[in-house]
Amino acid sequence: MSQLDMLTKEIGANPKTTEKMAKHPYYSVEMMKELQRYKITSNIIDEMYIYYYDEPNKFYSSAGSLDLETFGKVRYQSYNIDKKQMKKLLDTKVPSIETIPSGNQALGLLTYLVPLTSTSGSAYGLVMYTMKMTDIEGILDKTVDKDTGRVYMVGENNHLLASSSGEKLPSYFKEPKEIQLAMNSSMIKTSDGVIRMNRLKDNDFGIQYVSFTNTSQIFKELNRTNALVLLVVFIVLITGIGAILIIGRKQYQPIRKIERMIDNRVDAIVEPSHLSDFDKFEYHVTHFLKQNEQLHQEVLRQTPYAREQVIRRLLMGRFNQLEEIQLLLQSVNIHLFDAGYFVMLIDTKMVNSKTSIQNQEFLMSFLDDLSGENYQAYGSEMLSEQAIALFVSLDKKVTQQSAVTDILKKIVSANSVAPATGIGSVVKELKNINRTYIEGLAALEYSTVFEKRTNIHYYEEISKKQEVDGFEYPKDEKLKLNQSLLQGDFEIASETIELMITKAIKSQLNPTELKLYTFDLLNSVVGIGVEIIGPSLITEVNVEFRNLTELKLELIHMSKKICLAVQAKPKSQETKLHKEIFDYLNREYTSHDISLEQVASEFDVSISFISRFIKKESGHTFSKYIQELRLEQIKKELIDTDKPIKDIIVSVGYYDVSNYTRKFKSIVGMTPGQFRNANR
């Protein structure tokens, strides 16, 4: 109704709904359209009529104009509309709410009359909104339960406006006097039961909303609900008791299922026969937990090696997605700072010549997880470079040089050796770490190729040294190109070729210098290509280039072919190496001269790497693994052949027969002769 008040003000201010427009034979159509538009803004309006005091017998609506007679006998012919009473209502100068009863219902049409006022404040007409009681009832019905209550709208002077139900009104709520009497109390006793009343008054429109609740029916439903709940509780109680009895009789079955499940997932064990069912269950669970603990220890033992694999693949540029990188780093407990990343390549060839095998292994274990103030480093021993790659992450508070200085101090302090070190430039994103790895390799190679006396080489400093007047051969970029090709990184290789060709163009070399420069660059790329692809690459090289641009295209074409060949090799070089190393050990373990140094030399890797690799893959040290192979061969020949025991022991690689006989007895529990007799 507040909305209707606002609507009335808008109608009064609208130039299309003035009295002049209403009476005009042509523009009255515009007024009808405006009223139709206003009508659809409210979902309870049946129709709206404009009445002007100076035309006491005429209405204007969205359907056109009509007189009072037509309004009562045609438009609302089913309602008891008294013409005099209607005339009295229309003369009101204040908003009022009235009902017009119908011929066959107790409640009929609800009307809301709102005066139209001029700018001076005087009323010159009104808007009458008619609302069908069925619509009002539909709204009121939603507020109560039809079976136990009703809601009534009561206007001023206690006359009934609307009801939540279209049924016959109760006798105690028909006339104003009865309504007044009923509203003075909160409880009414009727033949249908005790009725409880609640009232809410709308002071803006003088309307009271009265709710009737039949408490007898409510408690009847409640009692029925209580009985139903008690029945459900009783059924649940009986069912629960029955279930408890069944579970009590079969209490051992879940335990047996768990026991069988454990048996299916762990090695089968035979428990002592004298144990009870519960003791057997405890025996199996204890065994299961012990195996689980062993598995956990194995996972912890393998974590450092898994970490090396992740770091190695990261440095090789095998990951493209940052999410994948972060997930793998998290899985192997690698925690990094995020201000910058770089790689240090620590040469182990010099370490081999000056330290023992134990010191090499110590150096790798020392660098495996190295932390300092505002930096974190993780080491990985590379397969082919005989170097340890140290992957370093920096905080914003530390520089690369200070972190390198601190790391080298710790290496010298712990290992008494200052190895040659190549250091790549700092990158901001993890996915670019292979770039600084290749630069580190190039810096390390720089010290070897050009016989530099210092042990520490920054790739950025090598680049700066060559920025002098005139043209100097870009050694650093050539080393970077070589390493990028060896690692199969086409992106860095093509960038480096572009940079080297651009330098040559800008330097304006004479024909002789240019020829030497271009053929040296071409020879460098071809040399690596022959090493990776084979001599067939030479026949494909185009040496009849006319300018540097054509040379650049030829070099990029060859680089792409070389990088694809590198990437086409087995994804895990360590997987291939695993087969080759253990095939070699299983074939050569009977040799008297087999040693870690020999195996490392055979596969061109460091002694430290071979030692750690065998321990990781077999769970035994190198000497223990060879001893196990020899022991199994001795046992086999003792059982399957009649060879003399001395010849068998010597044939597997031992010189001192008597000493090994004592060792055999300590391991097996009997001498070789006793073992042969017991197993024949």
* Asked: Can you find a side-chain donor-acceptor pair between Tyr625 and Asn586 that sits under 3.5 Å?
  -> yes
* To do: Indicate yes or no: at least one non-hydrogen side-chain atom of Leu499 is less than 4.5 angstrom from one of Glu477.
  => yes
* So, Ser524 side chain and Leu521 main chain: donor-acceptor pair closer than 3.5 Å or not? -> no
* To do: Start with the C-alpha gap between Gln483 and Asp489, add the side-chain angles, then the distance that decides, and say whether side-chain contact (heavy atoms from CB on, under 4.5 Å) holds.
  => CA-CA 9 Å; Gln483 290 298 334; Asp489 196 315; over 6 Å; no
* Asked: Quick one: does Leu444's side chain get under 4.5 Å of His457's, heavy atoms only?
  -> no
* **Asn432-Tyr341 side chain donor-acceptor pair, cut-off 3.5 Å** => no
* Asked: Does the side chain of Lys506 come within less than 4.5 Å of Thr502's, by heavy atoms?
  -> yes
* Asked: Is the shortest heavy-atom distance from the side chain of Leu430 to the side chain of Phe391 under 4.5 Å?
  -> yes
* Are side-chain heavy atoms of Tyr459 and Leu479 found at a separation under 4.5 Å? -> no
* Please say whether more than 12 non-hydrogen atoms of neighbouring residues, nucleotides or ligands are located less than 6.0 Å from CD in Gln598. => yes
* Asked: Sequence neighbours excluded, which residues qualify as side chain to side chain contact (heavy atoms under 4.5 Å, CB included) partners of Val404?
  -> Phe342, Met344, Gln400, Leu408, Ile423, Tyr458
* Asked: Under 3.5 Å, side chain of Arg312 to main-chain N/O of Ser380, donor-acceptor pair present?
  -> no
* **By ring pair (Phe, Tyr, Trp, His ring centres under 6.0 Å) - contacts of Tyr654 (at least two apart)** => Tyr660
* Asked: Mind checking what makes side chain to side chain contact (heavy atoms under 4.5 Å, CB included) contact with Ser601, not counting sequence neighbours?
  -> none
* Anything under 30° is parallel, anything over 60° is perpendicular, the rest tilted; go ahead and classify Phe603 against Tyr584. => perpendicular
* To do: Determine whether Phe664 and Val668 make a side-chain contact, defined as any pair of heavy atoms from C-beta on separated by less than 4.5 Å.
  => yes
* Is a side-chain donor-acceptor pair under 3.5 Å present for Gln376 with Ser393? -> no
